[in-house]
4 protein chains.
Amino acid sequence: MSLREQKLQKKKEDIIRSAATILQEKGLHGTTMEEIAAQLLMTKGSLYHYFKNKEDLLFQCHKIILDISNEKITEILESNQSSIHKMESVIRSHIHLSTEENVIFSLIDKPESTFSGQNIEKVVSQRSYYANCIDKILQEGVNNGSFKNINIKLSRLMILGSLNWIQQWYQPGGANTSEDISDYFVQKLVQTLTD
Amino acid sequence: MSLREQKLQKKKEDIIRSAATILQEKGLHGTTMEEIAAQLLMTKGSLYHYFKNKEDLLFQCHKIILDISNEKITEILESNQSSIHKMESVIRSHIHLSTEENVIFSLIDKPESTFSGQNIEKVVSQRSYYANCIDKILQEGVNNGSFKNINIKLSRLMILGSLNWIQQWYQPGGANTSEDISDYFVQKLVQTLTD
Amino acid sequence: MSLREQKLQKKKEDIIRSAATILQEKGLHGTTMEEIAAQLLMTKGSLYHYFKNKEDLLFQCHKIILDISNEKITEILESNQSSIHKMESVIRSHIHLSTEENVIFSLIDKPESTFSGQNIEKVVSQRSYYANCIDKILQEGVNNGSFKNINIKLSRLMILGSLNWIQQWYQPGGANTSEDISDYFVQKLVQTLTD
Amino acid sequence: MSLREQKLQKKKEDIIRSAATILQEKGLHGTTMEEIAAQLLMTKGSLYHYFKNKEDLLFQCHKIILDISNEKITEILESNQSSIHKMESVIRSHIHLSTEENVIFSLIDKPESTFSGQNIEKVVSQRSYYANCIDKILQEGVNNGSFKNINIKLSRLMILGSLNWIQQWYQPGGANTSEDISDYFVQKLVQTLTD
DNA sequence: GATGAATGAGGGTTCATTCAT
DNA sequence: CATGAATGAACCCTCATTCAT
């Protein structure tokens, strides 16, 4: 990658990071290109040098988030930890990303009504990958006896629900630190798997 | 209430029910008054006979949901069941409302950026009431020894997270029936409270 | 006229009187049929029993005002007073109507852009009649030597301007009573005619 | 001021000048943003680059008019002419502005029901300034014996009424030139002050 | 590359008017 | 006669997108 391309890439990531924050706060339709530009001290028109259109920008936001998340979970899945440890790591990582790295997992609930063409499939496939990884860990645990009496799909949905919801109420500097939450959620959620 | 007023009220509720569905799917800014009207075979302008403006309609949607939910939970709180039974009832009721009655709990994440004036306070206060009821049940359980080693606030948030998330993935007629989900969630979530 | 027709006529006049007040305050486009109805404790739809449409209502307002004014000025023109006395009477009458009887002379500045069809001509012709009467009085005064060195048209426009403007600033119960204004305007305006 | 800012300012003034004409003819509520835009060969949306909303545009129209008028009258007030000469100048200037420069004095009769927030006060204060200047000239004339037996406030209202009304009937190219009107109004109106 | 001007489609809202009851 | 529901056209305003400079 040439120096120029590197700078371009760097700029794109800055924009994405900034945009993601606003998009999370105000939602897709509640956020204007002007607001995104303003926060970056750019003009509206300049955004179009970096992204084809609003959907493209949103898609890139989504992609970067899912890239990071999937990289993390892959690493965990392929590690040598016990199944229980893997689930703990997944939970901690998920909470860390959403509270500390401002990674937004629930930017868009319904890819179908937001994206068009290939973007839909890409997003859906990246999401499925994340879900699949969790399911694999759970299945692994069932196989080796760590997890008992569970419905894999429902447990995954229950866990992800409580994790994704955190961003609705988490306040940096609030009564509960990210650490506190992690400890508590890890303990309680793993408990639902181990019987 | 006169016959006319009854019909008015009935119509309002029809609109609210219909609007809530679309609002849930597409979000506040993603839903147009025209779409809401079209689904009811009305014209856009007619909606304004029943609601002052879009915010008013959204507020009424919210209110009706919270009225129902709060009525239900009050009933449970004041019943003679054991603490464990009460939590089970709350979970079952919450899931029932969101999957069967199409009651949407997470219409708006940030009342402050959606509502104006008094509406903000009303919504916030109704939400707090619901949260408070759950906290009371949890506290009761702690006091009488049913629940152990729990952080009331974090447990409440964890449980509500997994419950509210259900609407993101629940499909009527899908693999898991509302009943299945209830049974599983009741068992697993109560388990996190009883140690 | 039958009793029924009399009642109808009476009702129409009530509406007109009430409507004229609001129309003066808020202007044609600033006043809604609903507001007019509300002030009369009627519903919007009922107005359409009495008037074909908004323009019709506005036209009737205009007509009633001009009927009264023209009746008054005809009376003065045909009286046996001196020319000076006649002008004094016209000024007093005009001020009286606009301050006491709430008769609005300047409801519509440009009949052409407000009315359609025959209504335009009717309004224009009634206005011309009023102007003509004043011109006749002025001409009479010139002929009999009461008024000197005047341009009839310009004097008429000057006088009517200062009179019609009164409604822009007159406040019942304010510093200047209707009487005060009349006395002062009569004195000063007649002075411009008599040299 | 940069070249760019100059062009912006120039464009704004063009719009204001054009809008003022239509606003005078049709009134605030009778004029649409589309009409204003069309006359300038723009599209509706483009107007919003220059003005925040319709009220803002109207306010700027008003402001530019009152700025000009107040500058003129201040100049006259502070000049070395006699009181009589000053009043003559005021009248001539007022007529000149309204007939030749298309400056509209009576765009809005009731600032309170048209403007909101600070705009109300700004307009009211600018209007008061103009009225005050006239009152000062009249008072000056009373003090030095040029004007006799006058009620300053009522004389000011009478004069301004006849002057503001001119725009209701003046037709460029009509029977009376702006000059004719000025000469006649100066003579007759000053006469009402000097006894 | 960056900017600001311009556009045009679309959304929320108002309101005169109609009409069934 | 009166009412209130319903309509649809028109209006203000926003905003994603384009483009000349």
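Per chain, numbering begins at 1; letters A, B, ... match sequence-line order.
If you measure from atom CD of Gln6(B) to atom C1' of dG4(F), you get 17 Å, rounded to the nearest angstrom. Counting to the nearest Å, the C1' atom of dC15(E) and the CD1 atom of Ile36(C) are 12 Å from each other. Atom P of nucleotide dG1(E) and atom CD of Glu5(A) are separated by 11 Å, given to the nearest angstrom. As a whole-Å value, the separation of Lys54(B) NZ from dG10(E) P is 15 Å. Atom CE in Met33(B) sits roughly 16 Å away from atom C1' in dC13(F) (whole-Å rounding).
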Please write out each protein N/O paired with an N/O of nucleotides 3-6 of chain E under 3.5 Å, distance rounded to 0.1 Å.
from   : atom 1 : to       : atom 2 : distance (Å)
dT3(E) : OP2    : Thr43(A) : OG1    : 3.2
dT3(E) : OP2    : Ser46(A) : OG     : 2.8
dA6(E) : OP2    : Tyr50(D) : OH     : 2.4
dA6(E) : N7     : His49(D) : NE2    : 2.6

Using atom types as modelled, flag every donor-acceptor pair under 3.5 Å from a side chain in residues 13-21 of chain B to any protein atom, sequence neighbours excluded.
from     : atom 1 : to        : atom 2 : distance (Å)
Asp14(B) : OD2    : Lys10(B)  : NZ     : 3.2
Ser18(B) : OG     : Gln39(B)  : NE2    : 3.2
Thr21(B) : OG1    : Arg17(B)  : O      : 3.1
Thr21(B) : OG1    : Asn102(B) : ND2    : 3.0

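With sequence neighbours excluded, the residues satisfying side-chain hydrogen bond (donor to acceptor under 3.5 Å, both in side chains) with Ser46(B) are Thr43(B). With sequence neighbours excluded, the residues that form a side chain to side chain contact (heavy atoms under 4.5 Å, CB included) with Lys122(C) are Phe59(C), Gln118(C). By the side chain to side chain contact (heavy atoms under 4.5 Å, CB included) test, Ser116(C) is found to be paired with Glu55(C), residues two or more places apart in sequence or in another chain being considered. Under the side-chain hydrogen bond (donor to acceptor under 3.5 Å, both in side chains) criterion, Lys63(C) pairs with Asp67(C), sequence neighbours left out. In this structure, Ser113(A) has no side-chain hydrogen bond (donor to acceptor under 3.5 Å, both in side chains) partners at least two apart in sequence or on a different chain.
Note on residues 35-45 of chain A: pairs passing salt bridge (Lys or Arg N to Asp or Glu O under 4.0 Å), not counting sequence neighbours, are Lys26(A)-Glu35(A), Glu34(A)-Lys44(A).
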Under the 3.5 Å Watson-Crick or G-U criterion, the dot-bracket string of DNA chain F, with | for inter-strand pairs:
.||||||||||||||||||||
